[in-house]
Amino acid sequence: MKTGDLVSCTLGGETVEAIYITERDGMAVLKLSSGYNIGLPPTDVRFIGDAQERKAEEPLIIQDSTLPELSIISTGGTIASRVDYRTGAVTSRSTAEEIIRAIPRMASVGQYRTRQPFSILSENMKPSMWIELARTIYAEIEAGVRGVIITHGTDTMAYSASAVSFMLDTPVPVIFVGSQRSADRPSSDNAMNALCSAAAASADLGEVAICMHGTEHDDFCALHRATRVRKMHTSRRDAFQSIGTEPIATITYPELAVSPAPHAIQRGAQEPVLNDTMEERCALFSYYPGMDPAILDSYASYRGVVIAGTGLGHVGTTLMDGIRQLVRNQTTVVMTTQCLSGRVCDRVYDTGRDLLRAGVIEGEDMLPETALVKLMWVLGQTDEPGEIRKLMQESQKGEIVRRSAYGL
Amino acid sequence: MDYEALGLMAGIEIHQQLDTIEKLFCRCPTSLRNIEERNGEIRRYLRATVSEMGIIDRAAEEEMKQMRLFSYYTYDTTCLVENDDEPPTPLNPEALLITLTIAKLLSMKPIPQVHVMRKMVIDGSNTTGFQRTALVAMNGVAGGDCRIESICLEEEAAQRVTGNTFSLDRLGIPLVEITTAPCMHTPEEVKKTAEYIGMILRSTRRVKRGIGTIRQDVNISIRDGARVEIKGVQELDLIPEVVSREVLRQVNLLAIREELLSRGAEVPDDGINVSDLFASTQSKVLKKAPCIMACVLKGFAGIVGREIQPGRRLGSEMSDYAKKCGVGGIFHTDELPAYGVTEEEVAGLRKRTGANEGDCVILVSGTEEQASCAIRLALRRAGMAFVGVPEETRKMLPEGNSAYMRPLPGAARMYPETDVLPVEISREMMDAIELPELLTDIAARFSSELGIDSALARHIAYSDRLLTFEKAITAGIKPSLAARTLISTIRELSRDGVDCGEVPDESIIELLTRVGHGEVAKEAVPEILRTLAGGAPLEEAIQSVGPTFSVDDLESLIDGIVAERKDFISERGMAALGPVMGIVMKEVRGRIDGQIVADVLKQSIKKMI
C-alpha cells in the first residue's frame with residue numbers, strides 16, 4: 001500500500017474507512033475522516049482503493065520588478081513549509097514562488113531569485129559546504145543583487161555565518177536567517193524572521209549577519225555580527241545573542257523599520273573579494289578537570305587546535321607537555337575561554353605564563369567556535385607562523401573587540 | 001414542538017478537565033491562577049499556514065481576516081512549553097490512564113497506537129496556533145443505547161482574559177473530549193445522556209470539579225436543516241432549552257427559505273459606498289465612521305427583521321458575520337428609521353441603492369477595509385438564507401440562544417504532532433485498569449448499607465466530599481453525623497461565605513470522632529468548622545468555641561439555675577422546661593450536646609415538682 005490509498009479497518013466492531021499514511025515501527029498509520037491519525041497492526045488494514053490524485057491549486061505569483069532584487073540561498077533550513085493535511089506530511093519550500101505563497105508579505109519587500117547549493121540538516125554541515133556557500137553568495141553579489149538571504153538550520157548557523165564572513169568581503173548585506181519553532185506552526189518565528197531578513201538585506205548595510213528574534217515577543221529582530229553571535233538556548237526564539245558586543249541593527253515588526261547601530265558596516269564600504277581556502281584539519285575542545293593528556297595525541301596530525309580553557313584561559317598542568325609537543329610539531333594552538341564572555345589573559349597565573357612560553361596564542365575575546373572557523377581560514381591563507389599569529393590576534397571581521405566595554 | 005416529526009437529531013461533545021498532578025505535555029501543575037499573580041507577558045502574532053491542497057482551512061481563514069497581536073500572561077507555574085518556546089514532553093501517562101479508565105467504563109475499544117495530532121486553532125487561545133489532541137478509544141455505549149463515537153485526550157486552551165489577551169495557567173491542562181453519535185431525538189434525552197456521561201466521569205474521581213471544568217457542546221440538526229454545533233453549554237439544566245431554541249431557529253430559517261424562493265429574492269455580490277449620504281447624520285455610530293457601505297437585498301423586506309429565536313432576527317445572524325471584520329454589526333431598513341437614522345436618510349438610501357418596497361437595504365460602517373469586508377460577509381450570510389440553515393459553530397448566549405462563531409471546521413486542519421512519539425495501548429494495560437465504583441452504585445450502597453435516605457445518599461456520592469465521607473465511615477463515625485456535617489453544615493457555612501474547601505479531611509474526621517465520643521458537642525461543629533476554615537489548627541478551633549462541659553458540671557449548673565427559679569417551676573410544672581432550657585443553653589451552647597442538656601434538665605425539674 002502507498003500513501004493516500006483508501007483502506008478500511010475494524011474498530012470496536014465498527015468498520016471504519018481511512019487513508020493509509022505509512023508503516024512505522026511495525027504499525028500501520030492511518031488517517032480517519034475526522035482527521036485523527038491512529039496506528040494499528042498492518043494485518044488489520046484492508047486495501048479498498050487507490051489514492052486519489054489531487055492537484056494542488058497554486059496561485060500565480062508575479063513579482064514586483066520595481067522592488068530591490070534579493071537573492072535567497074537555501075541550505076536546508078526551513079523558512080517556509082507546507083502541510084499536506086491529507087497525509088500529514090510537512091515539506092519545506094524554497095523557490096521564490098513557494099516562499100511568497102507561504103509568506104505573502106515577502107512580495108512587498110523585494111523581488112527574489114533563489115539558489116539551493118545543497119539541502120541538509122545544519123548539524124551535517126561541513127567546511128567544504130561553507131566554501132560552496134561562500135562561492136554561491138559571491139556569484140550572486142557579482143550578479144548585482146542588492147542583498148543576499150541565506151536560510152539555514154539554527155544549530156550550526158553561527159559557524160556557517162562566521163565562515164562566510166572570513167571568506168568574503170561583501171559590499172551588500174549577507175543575512176543568515178532561520179527559525180527556532182517549526183515553520184508549519186501558526187506561531188512559527190519563520191515569517192517574522194524572513195520578513196526582517198529581507199528588510200535587512202535591502203538596507204544600507206555591508207557585512208555578514210544573522211537575523212533572528214530579538215526578544216520572546218514578535219516585536220523586533222536583532223541583526224548579529226556573524227563572528228560575535230552564538231545560539232544560547234536550545235529552543236527559545238531569542239536564542240541568538242551577540243556576545244560582548246551590541247547587535248549591528250534592529251528591525252521592528254510588523255513595520256520592518258531597520259535601525260543600524262553606529263558600529264555597523266555600511267553598504268558599499270568594501271569591494272567584493274572571495275578568499276575561499278580553508279584548512280579543515282583543525283579542532284576545538286573544551287578542557288575539563290581530570291582530562292586525559294593522551295587525548296592530545298589524537299590531534300598530532302592537526303594543523304590547528306582551539307582550546308576552550310577554564311577561566312582566563314587555562315588547562316591543567318598535566319596537559320602542558322602534550323601542548324608543547326603539538327606546537328613543536330607545527331600545530332597552531334589558540335586559547336579561548338569556556339566562559340564565553342570575557343577576554344583570555346594568560347599572563348596572570350603561572351599556568352597561563354607556561355602556556356604562553358609553550359607557544360599558545362591568546363585568542364583575546366573570540367568565541368571558541370569563531371576562533372575555530374577563523375583558524376581554519378587563517379591556515380588556509382598562510383603557513384608562516386608569525387603571520388598566523390598576527391592574523392589570529394587581529395580582528396579580521398569584528399571577531400575580536402579590542403576593548404571590553406562595560407555593560408555588555 | 002413535535003421533535004420526532006421534525007426529525008431532530010442531536011449529539012453531544014463533553015469536555016472534562018482531568019485532575020492530574022502535571023499538565024498533558026509539560027511538567028507544570030494543573031492549577032489555575034489569579035491574573036494579578038502573573039509574572040510576565042509575551043506578545044505574538046499567529047498566521048494560518050497553507051495546506052498542500054492549497055486551502056487554508058475555512059475556520060482558520062475566518063480568523064485570519066484580522067491580523068491580531070495576542071498577549072499571554074505567564075506565571076511561576078507556567079513554562080516555556082506553554083510559551084511555545086520548548087518542545088512538549090511525552091504524553092502524560094497519568095492523563096492517559098484516566099482516559100483509558102473512562103473508555104473502559106463506557107465499554108469503548110482503545111486505539112492500538114495513539115497518535116498525537118495538531119488541530120489548527122488560530123483564535124489565539126493556543127500559543128502554538130494548534131491544539132494537541134489524540135484519539136484514544138472509539139465505539140462505546142452511554143447508559144441505554146446511545147453510542148459513544150470517540151474519546152480524545154487533548155490539551156486545554158488558554159483562558160481569554162479580555163479581547164486578545166489570554167492567561168497561560170489553563171493552557172495544557174489535560175482534557176477528555178467525549179463525542180456521542182447523533183442518537184438523541186428530544187431535548188430531555190440530550191440532558192439525560194449528558195448527565196450520565198458526567199456521572200461516569202466523576203466516578204473516576206480523577207476529574208476536576210467546579211465552574212468551567214466541564215463544558216458541553218451540542219450538535220443539532222432537523223430534517224432539511226443542517227448540523228450546527230453550539231459550544232460552551234456549562235449547565236446541564238440549560239441543555240434542553242438550548243436544543244429547543246436551536247430547533248426553533250432551524251424551523252424558522254427553513255420557513256424564511258421557502259418564502260424567499262417564492263418571492264424570487266436576490267442577493268448582490270457586493271455593496272456600494274454611501275458615506276456621502278450620511279455626511280451630516282445624527283446617528284452616533286454612523287457619524288464617527290470613516291466609511292459606510294450599503295447594498296439592497298431584493299425581496300427581503302420584513303425578512304431581515306423577522307424573529308428566528310426569542311429576541312434574535314435574521315439580521316442578528318448577518319450582524320454576527322459582519323462582526324468578524326471588526327465592525328459593531330449591521331443596520332437594516334426593516335428596523336430603520338431608528339438609532340438616530342432619520343426617515344429622510346432611509347429614503348435617500350433606498351433611492352441610491354434602487355431599493356423597492358419589497359426590498360431590504362443593509363448598512364455597515366467602519367474603516368474602508370472593515371466596511372467592505374463586513375458588507376461582503378453580511379451578504380454571504382444573506383445568500384445562505386436560500387439554503388436554509390448554514391452549517392456553523394455557534395456560541396451559546398446566556399438564556400439559551402446562540403450566535404455565530406465560525407464555520408464548522410473540516411478535517412483539513414489536523415496534522416501529526418511530530419514532537420510527541422505515538423503511545424501503544426496493550427491489552428494488558430487495559431486489563432490492569434480497575435474500574436471504579438459508579439457514583440450511582442455508591443449512592444445505592446450508602447442507602448442500603450448505612451441506612452441513609454436515598455436523596456441524601458445520592459447527594460453525598462456526587463459531592464466533592466465523598467472521599468471524606470468514606471474516610472469518616474471507616475473511622476467509625478455515625479453516617480448521619482458525617483452526612484449532616486459534610487453536606488448540610490458545610491453548605492450552610494458556604495452560604496454564610498465560609499469556604500471549608502481548604503479544611504483538611506483529617507481535621508474534620510478527628511472533630512467528628514470527638515463528637516462521637518461526647519468530647520465535643522455536635523452543636524459546636526459549625527463554629528469549629530468556621531474557625532478551621534480561617535486556618536486555625538483543630539485544637540485551637542475547639543478551644544476557641546469554649547471548653548466542653550462535662551455532665552457533672554452541667555448537673556450542678558442546672559441545679560443552681562433550677563433552684564433560683566423554684567417558684568416559677570413549681571407554678572408551671574413541666575411547662576417550665578422550655579423557658580429554663582433557653583436559660584441553660586445560653587450558658588452552654590456549643591459546649592455540650594443539647595439532647596443531654598434537655599435530659600438533665602428534665603430530671604432536675606421532675607425532682608422539684
Side-chain angles (χ1 to χ4, degrees), chain A residues 11-14 16 21 24-25 27-29 31-41 44 54-59 80-91 93 101-103 180-188 191-192 215-219 233-239 253-254, chain B residues 40-55 57 60 67 69 80 83-87 107-122 126-130 133-135 137-140 147 149-150 152 409-416 418-419 422 424:
Chain A
L11 286 169
E14 301 263 332
V16 180
I21 305 296
R24 198 180 301 129
D25 303 329
M27 289 292 232
V29 182
K31 191 179 205 46
L32 305 181
S33 60
S34 59
Y36 281 99
N37 282 13
I38 61 169
L40 68 179
D44 292 0
R54 267 195 264 187
K55 261 272 186 275
E57 258 178 64
E58 301 278 24
S81 67
R82 163 171 270 194
V83 181
D84 181 349
Y85 289 107
R86 202 164 45 97
T87 61
V90 178
T91 45
R93 315 265 91 185
R101 255 179 232 123
I103 311 172
Q180 279 284 83
R181 309 300 289 139
S182 62
D184 54 83
R185 58 181 63 212
S187 60
S188 175
M192 172 172 145
T215 67
E216 272 286 84
H217 311 290
D218 288 342
D219 53 359
H233 197 279
T234 57
S235 55
R236 277 173 62 144
R237 283 144 224 264
D238 55 354
Y253 186 83
Chain B
E41 189 175 339
I42 51 174
R43 293 180 301 279
R44 299 267 174 78
Y45 294 93
L46 292 177
R47 25 192 327 282
T49 42
V50 183
S51 87
E52 190 63 47
M53 289 170 274
I55 305 165
D57 172 62
M67 170 144 170
L69 182 64
L80 290 187
N83 290 8
D84 186 38
D85 253 326
E86 185 173 294
S107 314
M108 301 182 77
K109 165 94 172 159
I111 300 295
Q113 190 188 41
V114 171
H115 287 243
V116 178
M117 307 296 291
R118 296 170 171 174
K119 187 196 281 183
M120 300 282 284
V121 181
I122 56 165
N126 288 73
T127 44
T128 48
F130 51 72
T133 174
L135 175 63
M138 291 179 76
N139 294 326
R147 193 170 71 86
E149 286 182 347
S150 62
C152 296
R413 55 183 202 149
M414 284 221 238
Y415 68 110
T418 40
D419 300 343
E424 282 186 30

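Order of the sequence lines fixes the chain letters, A, B, ..., with proteins taken first and strands second; residue numbering starts at 1 for each chain. In this text, all values refer to a predicted model and were calculated from it rather than measured experimentally.
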Heavy-atom distance under 4.5 Å to chain A: side chain of [X], backbone, both or neither?
X: B:S107; answer: neither
X: B:A137; answer: neither
X: B:T127; answer: backbone
X: B:E424; answer: side chain
X: B:P110; answer: neither
X: B:L135; answer: both

Donor-acceptor pair, side chain of [X] and main chain of [Y], under 3.5 angstrom:
X: B:R47; Y: A:A191; result: no
X: B:R44; Y: A:S188; result: no
X: B:N139; Y: A:L11; result: yes
X: A:S235; Y: B:D85; result: yes
X: B:Y45; Y: A:M192; result: no
X: A:N37; Y: B:H115; result: no

Leading residue by heavy atom contact count with chain A [cutoff under 4.5 Å; candidates [options]]:
options: B:K109, B:M108, B:E41, B:R43; answer: B:R43
options: B:I111, B:T418, B:T128; answer: B:T128
options: B:P422, B:P87, B:S150, B:G40; answer: B:P87

Original post:
If every non-hydrogen atom of B:M117 is compared with every non-hydrogen atom of A:G35, which pair is closest and at what distance?
Top reply: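 Result for this residue pair: CE-O, 3.3 Å.
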Original post:
Can you name the nearest heavy-atom pair linking B:F130 to A:P186, along with the distance?
Top reply: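 Closest approach of B:F130 to A:P186, heavy atoms only: CD2-CD, 4.1 Å.
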Contacting moiety of [X], where chain B heavy atoms sit under 4.5 Å:
X: A:T215; value: neither
X: A:Q180; value: neither
X: A:R181; value: side chain

Original post:
So which of A:L40, A:V29, A:I38 has the largest heavy-atom pair count under 4.5 angstrom toward chain B?
Top reply: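 Max contact count across the listed options: A:I38.
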Subject >> pair A:R237-B:I42: side-chain heavy atoms closer than 4.5 Å >> reply: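 SC-SC contact between A:R237 and B:I42 ruled out.
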**OP:** Please examine the side chains of B:P112 and A:M27, heavy atoms only from C-beta on, and report whether any two atoms are closer than 4.5 Å.
**Re:**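 SC-SC contact between A:M27 and B:P112 confirmed.
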Any chance you could measure [X], atom [atom1], to [Y], atom [atom2], to the nearest 0.5 Å?
X: B:D84; Y: A:S182; atom1: CG; atom2: OG; answer: 8.0 Å
X: B:M414; Y: A:K31; atom1: CE; atom2: NZ; answer: 7.0 Å
X: A:D25; Y: B:Q113; atom1: CG; atom2: CD; answer: 7.0 Å
X: A:R236; Y: B:E86; atom1: CZ; atom2: CD; answer: 10.5 Å

**OP:** Please step through side-chain contact (heavy atoms from CB on, under 4.5 Å) for the pair A:L32 and B:M138, ending with a clear verdict.
**Re:** CA-CA 12 Å; A:L32 305 181; B:M138 291 179 76; 4.1 Å; yes
Subject >> Basic-acidic side-chain contact under 4.0 Å: A:R185, B:D419 >> reply: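 Looking at A:R185 and B:D419, the cut-off is met.
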